[in-house]
Amino acid sequence: MVDSPNGDGAFCLNHEPSTANYQLKMRAMIFEKPGQLLRAADVSKPKPGTNEVLIQVRACAVCRTDLHVVDGELPKPKLPLVPGHEVVGVIVEKGRGVQRLKIGDRVGIPWLGWTCGECEFCRSERENLCDRARFTGYTLDGGYAEFTVADERFCFPIPDVYSDVEAAPLLCAGLIGYRSLIKTGDAQRLGIYGFGAAAHIIAQVAKYQRREIFAFTRHGDSEAQSFAKSLGAVWAGDSETTPPQQLDAAIVFAPVGELVPLALKAVARGGTVVCGGIHMSDIPSFPYDLLWEERSVCSVANLTRRDGEEFFALAPKIPVRTTVQTFPLAEANEALSRLRSGELQGAAVLVP
Ligand SMILES: [Zn+2]
Ligand SMILES: [Zn+2]
């Protein structure tokens, strides 16, 4: 038996299929060691704890953070681990304490899987910074599996207008993208560096809010640039290029530290550069001039449940549409490798 940190959602690794307890097993993609491919395995189906629901996974999007986990760039993951934190599924069983949700409900599970509710961050509406927070697909098992468990308090009902596959990328690319967008305040001219899953969602929200989007991509990535324009960007070009107008704010979604001074150069006096990723290569040193005149740099960590409630109320009104490429669960390694090489347009979604 391999215990997860909270004793919930534990699973057994088992290589020998047994017909007697077949229903107690599920297929999952398991992360065991950085640098190794995920391994397909039949493991014990998790049991929901007191406040948890058991969810039959219908779709799980692949996030860049999953790459940071499997590449060993994030410290101390649960091991072995089922990755995946953009999960959409249906509740098939629930713990004794579950009150809000019922069997048959379709819900989404985000990155923020549990908070303590007691620390100074939790008590000041900053649960994203909770001292003891647990994260889906990192310190808790996630959605690269046929089933997963989640604390009901951290699940979001999924608006009916979305299919399972379409909704999955909203759970992180959407939510953390939205939190990044909020951090830009009322910036009118908004730069977005790295036009992947988060950017393609947030560009639609920004356009709805009548902001102008300037999309920055890898050098010569004309496909991503035309994708950005198709989503309403007023300008798209290479990251090294100076945009035709000074920006009021910029969001850096790409995990590339070199982009931070470039973005600072592109923003006007008083402008903000928001770093939207959980991991980034080192930011090179830069002259103070780039920060002078009240420019600022900040990061976005995780999400709060309030971000989720706001975003899921807003997304269907716009309506935000997601561009997805589906892969069978067993091809999780292939989906990760395409994300790494930048071959995806929009988001990869695993379907069990
Ligand atoms: Zn806390
Ligand atoms: Zn994510």
(message) Working note: R321 + Y162, criterion side-chain contact (heavy atoms from CB on, under 4.5 Å); need CA distance, chi angles, decisive distance, verdict.
(response) CA-CA 9 Å; R321 307 264 55 137; Y162 293 107; 3.9 Å; yes
[X] [atom1] to [Y] [atom2] distance, which is reported to the nearest 0.5 Å:
X: L38; Y: L336; atom1: CG; atom2: CG; value: 6.0 Å
X: I91; Y: L54; atom1: CD1; atom2: CG; value: 9.5 Å
X: R179; Y: I182; atom1: CZ; atom2: CD1; value: 7.0 Å
X: E309; Y: L175; atom1: CD; atom2: CG; value: 10.5 Å
X: Y144; Y: N333; atom1: OH; atom2: CG; value: 9.0 Å
X: I158; Y: E166; atom1: CD1; atom2: CD; value: 11.0 Å

Strictly distance-based, threshold 3.5 Å: is any side-chain N or O of [X] a donor or acceptor partner for the main-chain N or O of [Y]?
X: Q56; Y: T148; result: no
X: N128; Y: L303; result: no
X: E52; Y: G49; result: yes
X: D164; Y: V88; result: no
X: K45; Y: K47; result: no
X: R189; Y: Q245; result: no
X: R338; Y: A335; result: no
X: T136; Y: P110; result: yes
X: R306; Y: E125; result: no
X: R123; Y: G117; result: no

Membership question, hydrophobic clusters at under 4.5 Å side-chain separation (ILVMFWY): are [Y] and [X] in the same one?
X: I55; Y: V149; result: no
X: L81; Y: L329; result: yes
X: L67; Y: V62; result: yes
X: V297; Y: V300; result: no
X: V53; Y: V87; result: yes

Search all heavy atoms of [X] against all heavy atoms of [Y] and return the closest pair with its distance.
X: G237; Y: Q225; value: C-NE2, 3.3 Å
X: I109; Y: C155; value: CG1-SG, 4.4 Å
X: I213; Y: G232; value: CD1-O, 4.4 Å
X: A168; Y: A59; value: CB-CB, 4.2 Å
X: Y193; Y: A250; value: CE1-CB, 3.9 Å
X: G174; Y: I202; value: O-CD1, 3.9 Å

(request) Decide yes or no on salt bridge (charged side-chain N to carboxylate O under 4.0 Å, His left out) for R39 and E32, but give the supporting numbers first. (result) CA-CA 8 Å; R39 188 169 63 83; E32 289 168 323; 3.0 Å; yes
Could you verify whether a donor N or O on one side chain and an acceptor N or O on the other, from [X] and [Y], lie under 3.5 Å apart?
X: T323; Y: Q345; value: no
X: D71; Y: H279; value: no
X: T184; Y: R211; value: yes
X: S124; Y: R126; value: yes

Is the shortest heavy-atom distance from the side chain of [X] to the side chain of [Y] under 4.5 Å?
X: D42; Y: M26; result: no
X: E294; Y: R269; result: no
X: L247; Y: F216; result: yes
X: P255; Y: H68; result: yes
X: Y208; Y: K317; result: yes
X: R153; Y: N51; result: yes
X: F253; Y: S180; result: yes
X: E127; Y: L112; result: yes

(message) Applying side-chain contact (heavy atoms from CB on, under 4.5 Å) to T242 and K265, what does each step give before you reach the verdict?
(response) CA-CA 8 Å; T242 309; K265 214 178 274 181; over 6 Å; no
(request) Decide salt bridge (charged side-chain N to carboxylate O under 4.0 Å, His left out) for R218 and D238; before the verdict, give the C-alpha distance in whole Å, the side-chain angles of both, and the deciding distance to 0.1 Å. (result) CA-CA 6 Å; R218 293 183 205 214; D238 296 353; over 6 Å; no
(message) Measuring centre to centre across the rings, with the benzene-like ring taken for any Trp, is F154 within less than 6.0 Å of W111?
(response)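 No, too far apart.
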(request) Using the side-chain contact (heavy atoms from CB on, under 4.5 Å) rule, take K183 and C298 through it: C-alpha gap first, then chi angles, then the decisive distance, then the call. (result) CA-CA 8 Å; K183 292 259 183 198; C298 70; 4.1 Å; yes
(message) For V267 and T272: C-alpha separation, side-chain torsions, deciding distance, then whether side-chain contact (heavy atoms from CB on, under 4.5 Å) applies.
(response) CA-CA 7 Å; V267 298; T272 304; over 6 Å; no
(message) More than 12 heavy atoms of other residues, nucleotides or ligands under 6.0 Å from CD of E343: yes or no?
(response)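 Counting neighbours around CD of E343, more than 12 heavy atoms of other residues, nucleotides or ligands fall under 6.0 Å, so yes.
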(message) Heavy-atom count check: over 12 atoms from other residues, nucleotides or ligands less than 6.0 Å from R340 CZ?
(response)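 Result for CZ/R340: enclosed.
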Where does the angle between the aromatic ring planes of [X] and [Y] fall among parallel (under 30°), tilted (30 to 60°) and perpendicular (over 60°)?
X: Y138; Y: F135; answer: parallel
X: F195; Y: F227; answer: perpendicular
X: W235; Y: F214; answer: tilted

